[in-house]
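Just so it is clear, the model here is predicted, and its values are computed rather than measured.
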Amino acid sequence: MSLIAWQVRTLLLMNTSQTQFDPEKQRQVVQALLKVLPAASVLFHTEDTKPYECDGLAAYSQLPMIVILPESEQQILAALAVCRKLSVPVVPRGAGTGLSGGAMPVADGIVISTARLNQIVKLDQAARTAVVQPGVRNLAISEAVAALGLYYAPDPSSQIACTIAGNVAENSGGVHCLKYGLTLHNILRVRVATIEGDIIELGSEALDAPGLDLLAVFIGSEGMLGIVTEVTVKLIPKPECAQVIMASFTDVTTACNAVSNIIQAGIIPAGLEMMDQTSIHMVEPFVQAGYDLNAAAILLCESDGTQAEVADEISRMSAVLQQAGASAIAVSQTEAERLRFWSGRKNAFPAAGRISPDYYCMDGTIPRKKLGQVLQGIAALEQKHQLRCANVFHAGDGNLHPLILFDASIPGEFDRAEQFGTDILSMCVDVGGTITGEHGVGIEKINAMCLQFSASECAAFMAVKHAFDVPGLLNPTKAIPTLHRCAEFGREHVHHGQQKFPELSRF
């Protein structure tokens, strides 16, 4: 018996009580895939596909019909050809660390994981670039070029595990994004497999590329326009030194005002992060970072550069923080102490598990001057929904990451957490912000798109997707919400849906 015949026979003998997808459709697609891919790259047994049913947002899950693990660009193209021919939806997946459900499978679709494409193709010290495959981990890039005195700047908290293609999909940032930018600002070129079976290159290794800036369109597109097969990233010199100020404040509003004061003083720190008291008490027992447990909030302000530059900037920031009302200021004196100060911020999410069975991480962005107002609003929402919220975020660019703490085993608590999150996003929009900063829309915020965008804007977004994906097979459930869905959501949130976007009432 051939390997293909054995695989198909095994498929037919599987438990037919599984109703999430059509077994006959699954058999047909598996058979087609096994003609163009190695058997070890095609997963369809439940015990093999189960780990791929969700990403970091585990509240939403869906068992995929099939998972494939291609080992080359040609195998990705071969798989896409099968999907195109059989009209099978495709969900691209990196390491699965995303927090918005962007990699959640479609029931009758295929997950294409790029995890096995994990090689650094080329390093160019002179040009300060690296060409990497999509499954290369974020931190692995910096580790590979450390001996050259270089590193890759974007550093999301999941950098030890997240992959570069996932970073491209979500336009990830990190604690140093204020000075060094998001993924968008650190990528030169992306090689992409389209649903039509073509390979296109967006951007250029030159300073500019001809034509429309499609690279900027693609970065942050959440797997809806194509599948990344190769990325050229910028590398920058490692700074000579770096120091961190840890400033304590007796109230949150004063800490928020200090953030604006630093920027108004003409200082752009390498990192400017904030944690409230709930976060401080959540993190400190976990990592023992040396945080002030009596503070209502702390700011972590980093300076990097030459010794002289850092000394001057630390002095200037300390003066601003003192004038702003800091109750205590500590400056890291060694590299180990600097890393210890940052360890608390970097481990905020895992630390949440010490004080709560579950947490729901939100992601919205607001103007810096509105930080105090929004944090006061979140405190009021804690009372409204009777749930705790730990606030830890990129204060320098106004990117909030409230961690709503709840217990999913208690009936109704997850529903309250979800509504809490929607209320936070609504507040972000009200003050002139947006519903996401770096986590993406995914499944989590698909309805919240209707809080911010009009029907005509959603139609324009859909037109961009159609230009790249005519059959609509790439991550289809994460596309723009339907106009009917926006209208329904608008009726539930009248002050946003029908007053701000009256045109939705037509649908």
For residues 93-100, which side-chain donor-acceptor pairs fall under 3.5 Å, sequence neighbours excluded?
from   : atom 1 : to     : atom 2 : distance (Å)
Arg93  : NH1    : Cys54  : O      : 2.9
Ser100 : OG     : His439 : O      : 2.9

Stepwise salt bridge (Lys or Arg N to Asp or Glu O under 4.0 Å) test for Glu47 and Lys50: CA-CA 5 Å; Glu47 61 268 27; Lys50 185 74 173 174; over 6 Å; no
Could you check if a side-chain atom of Pro89 sits within less than 4.5 angstrom of a side-chain atom of Asp108, using non-hydrogen atoms only? yes
Considering all heavy atoms, the nearest Thr49-Leu43 contact: CG2-O, 3.6 Å
Answer yes or no: is there a side-chain heavy-atom contact under 4.5 Å between Tyr52 and Leu69? yes
Full working for salt bridge (Lys or Arg N to Asp or Glu O under 4.0 Å) between Asp397 and Arg368: CA-CA 7 Å; Asp397 60 353; Arg368 278 186 295 265; over 6 Å; no
If you take the centroid of each ring, where Trp contributes its six-membered ring, are Phe420 and Tyr360 closer together than 6.0 Å? no
Is there a donor in the side chain of Glu273 and an acceptor in the side chain of Trp342, or the other way round, less than 3.5 Å apart? no
Between Tyr359 and Phe406, ring centroids under 6.0 Å: no
Listed by chain and number, what are the salt bridge (charged side-chain N to carboxylate O under 4.0 Å, His left out) partners of Lys234, not counting sequence neighbours? none
For the pair Lys179 and Asp304, find out whether any cationic side-chain nitrogen is under 4.0 Å from an anionic carboxylate oxygen. yes
Residues which pass side-chain hydrogen bond (donor to acceptor under 3.5 Å, both in side chains) with Asp55, listed by chain and number, not counting sequence neighbours: none
Considering residues at least two apart in sequence or located in another chain, which fulfil the salt bridge (charged side-chain N to carboxylate O under 4.0 Å, His left out) criterion with Glu222? none
Using the salt bridge (charged side-chain N to carboxylate O under 4.0 Å, His left out) criterion, which residues pair with Arg84? Sequence neighbours excluded. none
Option passing salt bridge (charged side-chain N to carboxylate O under 4.0 Å, His left out) with Arg191 (candidates Glu205, Glu201, Glu230): Glu201
Please list, chain by chain and in numerical order, all residues satisfying side-chain hydrogen bond (donor to acceptor under 3.5 Å, both in side chains) with Lys238, sequence neighbours excluded. none
Has Gln133 got a side-chain atom pairing as donor or acceptor with Asn118's backbone, closer than 3.5 angstrom? yes
